[in-house]
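Working notes, structure below.
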Amino acid sequence: MQHFEIVGGNRLKGTIPISGSKNAALPIMAASILVEGETVLHNVPDLADVRQLQILLGRLGVKAERDESGAMHLRVEDEMNTHAEYELVSKMRASVCVMGPLLAKRKRAQVSMPGGCAIGDRPIDLHVQGLQALGADFEFVNGDVLLRVKKLAGADIFLGGPFGASVTATANVMMAASLAAGHTIIESAACEPEVVDLANYLNACGAQITGQGTPQIAVEGVETLTGTEHRVIPDRIEAGTFMISAALTNGDLELEGGRIEHLRAVVDRLRQVGVIVERAEKGIAVSSARRLEPVQITTQPYPGFPTDLQAQAMALLCLADGNSMITEKVFPDRFLHVGELNRMGAHLRKAGPTVMIEGVKKLVGAPVMASDLRASAALILAGLIAKGTTRVHRVYHIDRGYEAIERKLAGVGANIRRRDD
Ligand code: EPZ
């Protein structure tokens with residue numbers, strides 16, 4: 001196993017290239033199950049989760065390989081298998097995105113229930129309800145969801161859940177509806193840029209989807225979809241993480257390829273904190289004032305403040321000049337980073353889905369434990385500003401969603417190394 005060793009105190013300065021979006025690439029790769037012929041995807045990040053999905057797709061008869069330029073080529077070679085087994089799905093929840101495509105194209109989908117998650121309760125009832133509304137029969141078999149259908153038929157579907165829209169449930173229903181007979185309306189659909197990117201890929205394959213990016217998506221089913229070439233959007237969560245690294249270290253960064261229009265709620269909060277964020281020629285420019293103002297943040301589905309930047313924002317507000325508050329409205333239990341930040345000298349008090357943050361003058365380096373992808377990013381950010389050395393253990397969490405983060409940070413002046421335990 002490996003850990004990151006970080007010596008804090010360096011000001012970050014320079015340019016960081018933003019990678020392709022993990023949460024856009026994964027559902028688009030799963031959508032290749034629906035199409036005839038070859039799909040070529042550009043800007044697919046080199047991440048553990050992407051490699052994990054390549055393995056699952058391989059089991060499902062989809063050849064998914066990169067060429068020497070790094071482009072991902074996907075082609076269905078065998079449509080026999082319709083079972084996404086526990087052994088694979090339990091490693092990566094986003095595997096659930098094969099459910100809609102398998103059902104629509106192969107008329108059967110047996111997908112293991114993903115099981116427990118560090119960030120909290122994550123049921124898939126909305127996925128099942130949406131696919132049942134398109135005509136699927138549902139059965140629960142030994143921990144698996146089994147869906148079967150003769151022919152999917154378009155329907156009006158309300159997909160709102162207790163915490164608002166669901167990103168991957170919207171993706172699953174939209175993918176299935178693309179090959180269903182007739183017209184589908186998805187009400188309370190997720191509006192995330194990753195959902196828009198998936199819809200744009202499907203439309204380039206011949207689908208008829210409109211309203212993507214709004215809470216009401218309309219799909220006119222078609223007979224077949226044909227492979228195409230597509231460039232995955234940049235990763236807004238990676239860009240947001242680096243924006244916060246500049247704010248924390250009083251830095252000056254340009255995030256090459258980052259899209260400011262995908263991060264408006266984040267930019268709004270950072271400007272309230274006193275950070276300067278602007279559109280730049282090649283992406284986003286971020287520089288930080290000396291004093292950080294305290295603010296209140298509430299996470300919400302897009303276009304609200306993303307839950308995937310909640311932990312990183314908490315690390316920032318630990319150093320604000322006053323008391324801040326963060327309320328987590330998407331995954332109310334997503335706070336495993338709180339205890340670890342307090343080990344570094346933060347003053348955080350949790351009460352239900354809210355954390356009170358009393359700003360401190362400094363954090364101190366300590367050995368800390370990563371628990372999930374975004375919590376581990378927050379611990380790295382805290383290590384960049386902490387006095388002394390921080391060791392972030394279980395970095396396999398971070399390799400799931402950040403491409404070569406230590407190389408990118410070291411490239412702009414951070415003192416960070418990957419070490420074997
Ligand atoms: C996606 O997960 C992202 N993952 C998550 O990013 C992200 O945190 C999340 O959306 C919210 O933005 C991918 O895109 C691969 P949801 P998803 O369904 O689709 C409840 C990261 O760090 N819900 O939008 O699984 C659910 O419990 C990951 O990259 C139901 O109740 O999230 C949650 O409270 C972590 N029933 C809320 O909805 C359902 O059937 C939103 O979850 C589905 C969801």
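Counting starts at 1 for both ligands and their atoms, in listed order.
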Mind jotting down which protein residues get a heavy-atom contact under 4.0 Å with ligand 1? Chain and number order, please.
K22, N23, A94, I119, D121, R122, P123, I124, D125, L126, H127, P162, F163, A165, S166, V167, T168, T307, D308, V330, F331, R334, L373, R374
Value for CD (Q310) from CD1 (I297), rounded to nearest 0.5 Å, stands at 8.5 Å
Sidechain N-carboxylate O distance under 4.0 Å for R417, E406:
no
Under 4.0 Å between a side-chain nitrogen and a carboxylate oxygen: does that hold for E5 and R418?
no
S112 side chain to P114 backbone, donor-acceptor under 3.5 Å
no
Counting only heavy atoms from other residues, nucleotides and ligands, does the tally under 6.0 Å from CZ of R66 exceed 12?
yes
Could you check whether E36 pairs with K105 (Lys NZ or Arg NE/NH1/NH2 to Asp/Glu carboxylate O, under 4.0 Å)?
yes
